[in-house]
Amino acid sequence: MSPNTADAYCSDVALFLDSAGIPPEQIVADDIIAYLSKRSDYSKRSQARLLSALRSFFNYLVLERVVLENPCDTVESPKTGRYLPEVLSVGEVERIMDSVRTDDAAGVRDRAILEVLYGCGLRVSELVGLKISDVFAKEKFVRVKGKGDKQRLVPIGGIALEYVLKYLQMRPEPYDRDSEDVLFLNRFGRKLSRVSVFNMVKKQAVLAGIRKEISPHTFRHSFATHLLENGADLRAVQEMLGHESILTTEIYTHIDKSVWQNTVLAHHPRK
């Protein structure tokens, strides 16, 4: 699992054990069900993640012979349904891009970040982890380290590359040696945090008059959706997104079924 997933699992387990107030070996299924019922602030997806974290934890205790059986085995996982992501139109993407003032280094950096999020479909953790040495300008590729430290090469378009190169000319001095190869730096010369990128995206959406609830991940959803709507191969999009399973990528095919229908009919030999 990625470090972020591991941190989330540890946090979920710690909160549960703190709430239960009894040793793990005394936990029974009813304790878990009661806790899930009490967390009305959790969405079904969050409840499912919590149960997955607890199941992993108690599986470990079974292996260590601290408990005889996993109390999660008899707890039914919440039915989450199929998640349909929020997607921006091409016009909305352009409005957000145009809302960024590029008269200083911070503005050029923010525009470059938005262009890379949308142009390459990166996760926010992948974006803040990008290094200067990961940008192959001549070949028009970026090297991305995704979940599980798996690397992939993603094409970068002309506009995104233009702003990245423009930012590199204005990039502040790195704070220390660890920051020298980091692509996007904050005003102190250190690696940007995921939270700062979230805040920037939300600020620009407000300035652009976008009323949708968006995050950096919205640009990744929009990237995939717009590619597929314009006839891109599903397998190619899967590779660019770094999805383990093509079933994860197929979620984006719900957006405009007429596009897929026309594509199939246009290319079928007996159309």
Side-chain angles (χ1 to χ4, degrees), residues 87-146 151-210 214-227 230 232 237 240-242:
V87 174
L88 296 166
S89 67
V90 174
E92 287 171 330
V93 171
E94 291 175 347
R95 280 163 55 192
I96 293 175
M97 299 297 183
D98 292 341
S99 73
V100 183
R101 295 182 58 179
T102 55
D103 50 3
D104 60 14
V108 174
R109 179 203 64 195
D110 291 350
R111 178 65 184 266
I113 286 172
L114 291 170
E115 293 287 358
V116 170
L117 283 172
Y118 177 62
C120 301
L122 304 190
R123 302 176 179 94
V124 66
S125 57
E126 295 170 344
L127 176 110
V128 298
L130 275 180
K131 300 184 185 301
I132 297 173
S133 57
D134 290 327
V135 180
F136 300 91
K138 186 178 179 180
E139 294 81 5
K140 294 186 177 180
F141 277 94
V142 291
R143 180 174 54 208
V144 180
K145 184 179 287 187
Q151 292 189 0
R152 66 185 190 277
L153 291 176
V154 180
I156 182 169
I159 298 176
L161 186 58
E162 174 191 343
Y163 277 99
V164 167
L165 296 178
K166 187 176 179 181
Y167 167 67
L168 284 175
Q169 296 175 358
M170 311 167 69
R171 179 175 169 268
E173 285 295 316
Y175 176 80
D176 53 21
R177 294 187 64 179
D178 290 340
S179 306
E180 285 181 357
D181 196 29
V182 175
L183 178 56
F184 296 115
L185 300 176
N186 62 22
R187 60 194 176 96
F188 302 110
R190 291 175 168 171
K191 177 181 173 182
L192 277 174
S193 69
R194 296 164 67 242
V195 173
S196 63
V197 177
F198 268 85
N199 291 337
M200 182 273 288
V201 166
K202 289 183 178 295
K203 181 190 78 172
Q204 295 305 146
V206 171
L207 290 174
I210 306 298
I214 73 167
S215 71
H217 220 66
T218 308
F219 288 92
R220 178 173 162 88
H221 296 321
S222 304
F223 161 85
T225 300
H226 296 162
L227 282 179
N230 284 289
V237 176
M240 285 187 282
L241 292 173

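Just so we're clear, the structure is a prediction, and the values are computed from it rather than from any experiment.
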Taking the side chain as C-beta and beyond, is there a heavy-atom pair between [X] and [Y] under 4.5 Å?
X: L185; Y: Y167; result: yes
X: T218; Y: V201; result: no
X: E92; Y: I214; result: no
X: L127; Y: P216; result: no
X: I113; Y: L192; result: yes
X: R187; Y: P172; result: no
X: V124; Y: H217; result: no
X: V135; Y: L161; result: yes

Around [X], counting heavy atoms of other residues, nucleotides and ligands shown, do more than 12 lie under 6.0 Å from its [atom1]?
X: K145; atom1: NZ; value: no
X: Y175; atom1: OH; value: no
X: I159; atom1: CD1; value: no
X: E173; atom1: CD; value: no

Examine the side chains of N199 and S196 and answer whether a donor and an acceptor come within less than 3.5 Å of each other.
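No, no side-chain donor-acceptor contact under 3.5 Å.
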
Kindly give the heavy-atom pair with the smallest separation between [X] and [Y], and that separation in Å.
X: Q204; Y: I96; result: CB-CG2, 4.1 Å
X: L122; Y: R152; result: CD2-NH2, 4.1 Å
X: V128; Y: K191; result: O-CE, 3.3 Å
X: A112; Y: F184; result: CB-CE2, 3.9 Å
X: G189; Y: S179; result: O-CB, 3.3 Å

Using the test side-chain hydrogen bond (donor to acceptor under 3.5 Å, both in side chains), find all partners of S215 that sit at least two apart in sequence or belong to another chain.
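side-chain hydrogen bond (donor to acceptor under 3.5 Å, both in side chains) list for S215, sorted by chain: empty.
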
So, taking the atom named [atom1] in [X] and the one named [atom2] in [Y], what distance separates them when rounded to the nearest 0.5 Å?
X: E180; Y: I132; atom1: CD; atom2: CD1; value: 9.0 Å
X: C120; Y: F219; atom1: SG; atom2: CZ; value: 13.0 Å
X: M170; Y: D104; atom1: CE; atom2: CG; value: 6.5 Å
X: S89; Y: H226; atom1: OG; atom2: NE2; value: 6.5 Å

Which pairs with one or both residues in residues 105-118 pass salt bridge (charged side-chain N to carboxylate O under 4.0 Å, His left out), sequence neighbours excluded?
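Every pair satisfying salt bridge (charged side-chain N to carboxylate O under 4.0 Å, His left out) with a residue in residues 105-118: R111-E115.
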
Evaluate the criterion side chain to side chain contact (heavy atoms under 4.5 Å, CB included) for residue pair V164 and V142; output intermediate values, then yes/no.
CA-CA 11 Å; V164 167; V142 291; over 6 Å; no

Tell me, please, which residues at least two apart from R143 pass salt bridge (Lys or Arg N to Asp or Glu O under 4.0 Å).
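Checked R143 against salt bridge (Lys or Arg N to Asp or Glu O under 4.0 Å); matches are D134.
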
Yes or no on side chain to side chain contact (heavy atoms under 4.5 Å, CB included) for M200 and L114, after CA distance, side-chain angles and deciding distance?
CA-CA 9 Å; M200 182 273 288; L114 291 170; 4.1 Å; yes

Can a donor-acceptor pair be found, under 3.5 Å and without considering hydrogens, that links the side chain of R95 to the backbone of G209?
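Between the backbone of G209 and the side chain of R95 there is a qualifying donor-acceptor contact (under 3.5 Å).
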
If we ignore hydrogens and angles and just use 3.5 Å, is the side chain of D181 paired with the main-chain N or O of S133 as donor and acceptor?
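Checking the backbone N and O of S133 against the side chain of D181, a donor-acceptor pair under 3.5 Å is found.
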
Pair Y118, L88 - check side chain to side chain contact (heavy atoms under 4.5 Å, CB included), show working.
CA-CA 10 Å; Y118 177 62; L88 296 166; over 6 Å; no

